[in-house]
Student: 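One structure is given below, represented as structure tokens, and several questions about it will come after.
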Amino acid sequence: MDFDYEQFRWQPEACEMPDFEASRFLRRMQDKTIAYVGDSLGRQMFQSMMCMATSGKERRDVEDVGVEYGFILAPGAKRPDGWAYRFLTTNTTILYHWSSTLCDLEPLNSSDPTTSYAMHLDRPPAFVRDNLHRIHVLVLNTGHHWNRGKLRANKWEMYVGGVPNNNRNIAVIWKAKNFTIHSVVKWLDAQLPHHPHLKGFYRSISPRHFFNGDWNTGGRCDSTSSLAKGSGIFQNRSDDADAEGAVMGTRVKLLDITALSRLRDEGHISRYSIKATEGIQDCLHWCLPGVPDTWNEILAAQL
């Protein structure tokens, strides 16, 4: 119940990061579309930007345009594959598309509701390919869904070159993730010359802060001590080496948020969610307002 964590601001060294001001930002983004594509941490960044752009207020000039992007609730689904909202006064669209691994997923048997899916490690999501021409700012992320449990639960099978992957080296989960990140960044870099209006970003991984166990073994992050591990970053490299390596030598920019977010273990939802479960804490996602606002402030400054 302590909201002091909302008051922190990130200060880059040797430069003055401008304050985020909603109306000024929307004017700069007039007639533009900002797209976040990734996992639930990408969704939180989208939710953060929507709150920041509306100043946290209901606005009559904001229209739900999800149907234009195919964001409809499928039968039996808990939520659509994304959300899209347009600020009518500036014709600015802010959207999010769910793609937890940044792989193109293709049903192996579209007539079978229990089918497995080809997880094309070397193909970007179909949504990105199909909509790239109308996106002006693209922010990609992935990371926390790369584990055997998620692959089994979702019936995902690794494919490369359109066929089942038989490269044992790539089949190792962390190597498959790295291969995918490099593939999608390389693809995006190749597209940028054909879309001069487009700015591409890859966002580094958001850190987890489980102490004394994991999410299902009593792990906790309910400390209220702010910046207990320090208040500054003293390194010139990213804590996410895969992300840093993927964008190196490309025109895709790294949105490097890992190290600065690692300082904020008190900023997670912890045990204070609406659907709190006894003994389980969410030390992956963030309270909003909170740390993802800083990610968007850095994004806005780079734009």
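In this text, all values refer to a predicted model and were calculated from it rather than measured experimentally. Just so it is clear, the values below take in all heavy atoms, side chains as well, and ignore hydrogens, waters and symmetry mates.
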Student: Would you confirm whether Y96, through its side chain, and G38, through its main-chain N or O, come within 3.5 Å as a donor-acceptor pair?
Tutor: yes
Student: If you round to the nearest 0.5 Å, how far is OG1 of T115 from NZ of K155?
Tutor: 8.0 Å
Student: Is the backbone N or O of T54 less than 3.5 Å from a side-chain atom of R59, with the two atoms forming a donor-acceptor pair by type?
Tutor: no
Student: So which atom in N169 and which in N167 form the shortest heavy-atom distance, rounded to 0.1 Å?
Tutor: N-OD1, 2.9 Å
Student: Distance only, no hydrogens: is a donor on one side chain within 3.5 Å (strictly under) of an acceptor on the other, for Q281 and S270?
Tutor: yes
Student: Locate the shortest heavy-atom distance separating I257 from S204; write the atom from each residue and the value.
Tutor: N-OG, 2.9 Å
Student: If you define the side chain from C-beta out and look only at heavy atoms, does anything of I34 sit under 4.5 Å from H136?
Tutor: no
Student: Is there a path of hydrophobic side-chain contacts, each under 4.5 Å between heavy atoms of I, L, V, M, F, W or Y residues, that connects F25 with M50?
Tutor: yes
Student: Give me the atom names and distance for the closest heavy-atom approach of P207 to S261.
Tutor: CD-CB, 3.6 Å
Student: Taking the side chain as everything from C-beta on, heavy atoms only, tell me whether D31 gets closer than 4.5 Å to T92.
Tutor: no
Student: Hey, is the main chain of P289 close enough, under 3.5 Å, to the side chain of E6 for a donor-acceptor pair?
Tutor: no
Student: Would you give the length of the straight line joining atom CG of D130 to atom NE2 of H97, rounded to the nearest 0.5 angstrom?
Tutor: 9.5 Å
Student: Return yes if a side-chain donor-acceptor contact under 3.5 Å exists between D293 and S48, otherwise no.
Tutor: yes
Student: Hydrogens and angles aside, do W146 and T142 bring a side-chain donor and acceptor to less than 3.5 Å of each other?
Tutor: yes
Student: If we ignore hydrogens and angles and just use 3.5 Å, is the side chain of T217 paired with the main-chain N or O of G213 as donor and acceptor?
Tutor: no
Student: Classify the side-chain pair D112/T114 by whether it contains a donor and acceptor separated by less than 3.5 Å.
Tutor: yes
Student: Over all heavy atoms of both residues, which pair between F20 and A53 is shortest? Give the atoms and the distance, please.
Tutor: CE2-N, 4.3 Å
Student: With a 4.5 Å limit on heavy-atom distance, are the side chains of M17 and E297 in contact?
Tutor: yes
Student: With no hydrogens and no angle check, just 3.5 Å: does a side-chain donor-acceptor pair link E106 and H120?
Tutor: yes
Student: I205 and L254: same hydrophobic cluster, using ILVMFWY side-chain contacts below 4.5 Å?
Tutor: no
Student: CG of D19: more than 12 outside heavy atoms within 6.0 angstrom?
Tutor: no
Student: Give me the atom names and distance for the closest heavy-atom approach of L284 to S206.
Tutor: O-OG, 4.4 Å
Student: For the backbone of K57 and the side chain of S55, can you confirm whether one donor and one acceptor N or O come within less than 3.5 Å of each other?
Tutor: no
Student: When hydrophobic residues are tied together by side-chain contacts of less than 4.5 Å, even through go-betweens, does V137 share a cluster with L95?
Tutor: no
Student: Working to the nearest 0.5 angstrom, can you tell me the gap between N141 CG and S100 OG?
Tutor: 9.5 Å
Student: Run the numbers on I170 and K175 for side-chain contact (heavy atoms from CB on, under 4.5 Å), then give the verdict.
Tutor: CA-CA 5 Å; I170 293 176; K175 291 184 178 180; 5.7 Å; no
Student: Going by atom types alone, do N109 and Y117 pair a side-chain donor with an acceptor below 3.5 Å?
Tutor: no
Student: One thing to verify: whether R86 and D61 come together as a salt bridge, which I'm taking to mean a side-chain N less than 4.0 angstrom from a carboxylate O.
Tutor: no
Student: Measuring from L105:CG to S116:OG, what's the distance to the nearest 0.5 Å?
Tutor: 11.5 Å
Student: Passes side-chain contact (heavy atoms from CB on, under 4.5 Å), I173 versus L151? Steps please.
Tutor: CA-CA 10 Å; I173 286 289; L151 266 64; 3.9 Å; yes
Student: Give the intermediate values and the outcome of side-chain contact (heavy atoms from CB on, under 4.5 Å) for residues R208 and D214.
Tutor: CA-CA 10 Å; R208 305 156 84 248; D214 212 327; 2.6 Å; yes
Student: Within 45° of the ring axis of F71 and under 6.0 Å from its six-membered ring centre, is that where the NZ or CZ of R79 lies?
Tutor: no
Student: Is it true that D256 and R203 have a side-chain N and a carboxylate O under 4.0 angstrom from each other?
Tutor: no
Student: Answer yes or no: is there a side-chain heavy-atom contact under 4.5 Å between K177 and I181?
Tutor: yes
Student: Ignoring hydrogens and geometry beyond distance, is a side-chain donor-acceptor pair present between H268 and H209 at under 3.5 Å?
Tutor: yes
Student: Taking F127's backbone N and O only, do any of them form a donor-acceptor pair with N131's side chain (distance below 3.5 Å, no angle check)?
Tutor: yes
Student: Do the charged groups of E266 and R264 touch, with an N to O distance under 4.0 Å?
Tutor: yes
Student: If we only count heavy atoms from C-beta on, is the Y36 to F201 side-chain gap below 4.5 Å?
Tutor: no
Student: Any link between I94 and V65 through a network of hydrophobic side chains (Ile, Leu, Val, Met, Phe, Trp, Tyr) touching at under 4.5 Å?
Tutor: no
Student: Stepwise, does the side-chain contact (heavy atoms from CB on, under 4.5 Å) test hold for D222 with R271?
Tutor: CA-CA 7 Å; D222 53 0; R271 55 189 168 91; 3.2 Å; yes
Student: Evaluate the ring planes of W286 and W295, with Trp represented by its six-membered ring, and classify them as parallel (under 30°), tilted (30 to 60°) or perpendicular (over 60°).
Tutor: perpendicular
Student: Between NE2 of H195 and NE2 of H133, what distance do you get to the nearest 0.5 Å?
Tutor: 8.5 Å
Student: Within the side chain of D282, is there an N or O that forms a donor-acceptor pair under 3.5 Å with the backbone of I269?
Tutor: no
Student: Counting only heavy atoms from other residues, nucleotides and ligands, does the tally under 6.0 Å from CD of Q235 exceed 12?
Tutor: yes
Student: If you compare all heavy atoms of L132 against all heavy atoms of L198, which two are closest, and at what distance to 0.1 Å?
Tutor: CD1-CD2, 3.6 Å
Student: Taking side chain as C-beta onward, heavy atoms only, is W98 less than 4.5 Å from R43?
Tutor: yes
Student: So H145 and W156, would you call those rings parallel, tilted or perpendicular, with 30° and 60° as cut-offs?
Tutor: tilted
Student: So, applying side-chain contact (heavy atoms from CB on, under 4.5 Å) with S183, which one of D122, N178, L102 is it?
Tutor: D122
Student: Does some side-chain heavy atom of H285 sit less than 4.5 Å from a side-chain heavy atom of Q44?
Tutor: yes
Student: Kindly compute the distance separating CG (L299) from NZ (K199), expressed to the nearest 0.5 Å.
Tutor: 10.5 Å
Student: Evaluate the side-chain proximity of E244 to Y202: yes if any heavy-atom separation is below 4.5 Å, no if none is.
Tutor: no
Student: Going only through I, L, V, M, F, W and Y residues with side-chain contacts under 4.5 Å, is there a path from V291 to M49?
Tutor: yes
